[in-house]
**Student:** 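So that we are looking at the same thing, I have put the structure below in structure tokens.
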Amino acid sequence: MPELPEVETVKETLKNKIVGLSIQKVDVYYDKMMSKATSDRLVGQQIIDMNRLGKYIIFNLTDLDFISHLRMEGRYFIKADEPILKHEHIVFHLSNGQTLRYHDTRKFGTFDVREKHETYLVPPLSKLGLEPFQMDPMDFYHRLKKSKKPIKTALLDQTIVAGIGNIYADEILFASHVHPLRRADKVTKKEATWLIERGRGILESAIEAGGTTIRTYVSSLGVTGRFQLTLMVHQRLDEQCYICGDQIRKVVVGGRSSFYCDTCQKR
DNA sequence: AACGAAACCTGCGCGC
DNA sequence: TGCGCGCAGGTTTCGT
């Protein structure tokens, strides 16, 4: 479910609530999600800081880094020590008596523990490209030049640029007037620059809005997002383009539903 | 090397 | 009311 802005919101919310606390016990209710060896390593560690790279949340612990990816539907909640709910798969017991709970309807989320010196040097984080905020537009242009994939697919490729998911990819393409099926190596320098710069703007706005886009996004602590971001194309099939009035269309690219305006976005 | 499909899971909305 | 299908904001793996 979450893309960079949502993950940033979750990370910031958690950071304000749990930094300084220690993990006293970890209960895993769905074994495939986290091995005993992994959960054992977390016990006794203090949460020193929290960071994010792309869509990964990084818990900086005393001796280790704990890396969490929410995939489609992962969420964190902080609760008192009360009965667990159906989709709560991992419960971290903290030193103030509260519990941090990992909730994931589809059980897609992943967890990794890394030695601090290797965190960014080994997968999964080592494989990530730069985020749009750090990406130089011309550097991005040259990366696109090497790819014959549709630009939509390239934007979703986390090794090319990190943090963009299906919703923001559609929005960024619309804002840059580029058709989702355009071959990546056919994107011009001007367009590559638009994709990065307008991408930054869209992601920043989304972060300011509390990381909300579609549906009832609920961040940590059960706080519902504010829905301040108006989506220009995503999920707007057959509705009118806000710019030209043409009908928004849909095409499947790389297996992902892609919404676009055939008039505003150049093929 | 490159691409799409399938896999990992569950729930929801839709048409019949 | 129930059933089957398609779909979901992600990523990896498998097969052609």
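Below, chains carry the letters A, B, ... as their sequence lines are ordered, and counting in each starts from 1. All of these numbers come straight from a predicted model, not from anything done at the bench.
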**Student:** What string of B, S and - do you get for nucleotides 11-16 of chain C, 5' to 3', if B is base contact, S is sugar-phosphate-only contact and - is no contact with any protein heavy atom under 4.0 Å?
**Tutor:** BS----
**Student:** Any idea how F92(A) and F59(A) line up, ring-wise: parallel (<30°), tilted (30 to 60°), or perpendicular (>60°)?
**Tutor:** parallel
**Student:** Return each pair, listed once, that meets ring-ring contact (aromatic ring centres under 6.0 Å, His included) where at least one residue sits in residues 11-57 of chain A; pairs must be two or more places apart or across chains.
**Tutor:** Y30(A)-H89(A), Y56(A)-H69(A)
**Student:** Flag the pair Y76(A) / L70(A) as yes when at least one side-chain heavy-atom distance between them is below 4.5 Å, and no otherwise.
**Tutor:** yes
**Student:** In whole angstroms, how far is the P atom of dC9(B) from the CG atom of D104(A)?
**Tutor:** 11 Å
**Student:** When the P atoms of dC5(C) and dA6(B) are considered, how many whole Å apart are they?
**Tutor:** 14 Å
**Student:** Base, sugar-phosphate or nothing for S257(A)? Non-hydrogen atoms, less than 4.0 Å.
**Tutor:** sugar-phosphate
**Student:** State which residue, out of E12(A), E131(A), E6(A), fulfils the salt bridge (charged side-chain N to carboxylate O under 4.0 Å, His left out) condition with R52(A).
**Tutor:** E131(A)
**Student:** For D157(A), which of R143(A), K149(A), K152(A) qualifies under side chain to side chain donor-acceptor pair (under 3.5 Å)?
**Tutor:** K149(A)
**Student:** Dot-bracket for DNA chain C, please. Rules: Watson-Crick or G-U, both distances under 3.5 Å, ( ) within the strand, [ ] when a pair crosses earlier ones, | for another strand, . otherwise.
**Tutor:** .|||||||.|||||||
**Student:** Specify the separation, in whole Å, of atom CG of L237(A) and atom P of dC7(C).
**Tutor:** 11 Å
**Student:** Under 4.5 Å between any side-chain heavy atoms of K17(A) and M50(A), yes or no?
**Tutor:** no
**Student:** Go through I78(A) and L94(A) one step at a time and tell me if the side chain to side chain contact (heavy atoms under 4.5 Å, CB included) criterion holds.
**Tutor:** CA-CA 10 Å; I78(A) 293 172; L94(A) 305 175; 5.5 Å; no
**Student:** Grab the CD1-P distance between I57(A) and dG10(C) for me, whole Å please.
**Tutor:** 14 Å
**Student:** When you compare dT11(C) with dG11(B), how far apart are their P atoms, in angstrom units rounded to a whole number?
**Tutor:** 22 Å
**Student:** Using side chain to side chain contact (heavy atoms under 4.5 Å, CB included) as the criterion, point out the one residue from I90(A), T38(A), D40(A) that pairs with V26(A).
**Tutor:** I90(A)
**Student:** Hey, is the main chain of G54(A) close enough, under 3.5 Å, to the side chain of Q158(A) for a donor-acceptor pair?
**Tutor:** no
**Student:** If we ignore hydrogens and angles and just use 3.5 Å, is the side chain of D65(A) paired with the main-chain N or O of T119(A) as donor and acceptor?
**Tutor:** no
**Student:** Do the side chains of T193(A) and M138(A) get nearer than 4.5 Å, heavy atoms only?
**Tutor:** yes
**Student:** I'd like to know whether R41(A) forms a salt bridge (Lys or Arg N to Asp or Glu O under 4.0 Å) with E115(A), so could you lay out the CA-CA distance, the side-chain angles of the two residues, the decisive distance to 0.1 Å, and finally the verdict.
**Tutor:** CA-CA 11 Å; R41(A) 294 178 79 184; E115(A) 298 289 340; 3.1 Å; yes
**Student:** Polar-atom pairs under 3.5 Å, protein N or O versus N or O of nucleotides 1-6 of chain B: list them with distances, or write none.
**Tutor:**
none

**Student:** Extract from the structure each pairing of a protein N or O with an N or O of nucleotides 10-12 of chain B at less than 3.5 Å, listing the distance.
**Tutor:**
{"residue": "dT10(B)", "atom": "OP1", "partner": "K107(A)", "partner atom": "NZ", "Å": "2.9"}
{"residue": "dT10(B)", "atom": "O4'", "partner": "T105(A)", "partner atom": "O", "Å": "3.4"}
{"residue": "dG11(B)", "atom": "OP1", "partner": "K86(A)", "partner atom": "NZ", "Å": "2.8"}
{"residue": "dG11(B)", "atom": "OP1", "partner": "H87(A)", "partner atom": "NE2", "Å": "3.1"}

**Student:** With clusters built from Ile, Leu, Val, Met, Phe, Trp and Tyr whose side-chain heavy atoms come within less than 4.5 Å, directly or transitively, what are the remaining members of the cluster of L237(A), listed by chain and number?
**Tutor:** F174(A), M232(A), V233(A), Y242(A), I243(A), I248(A), F259(A)
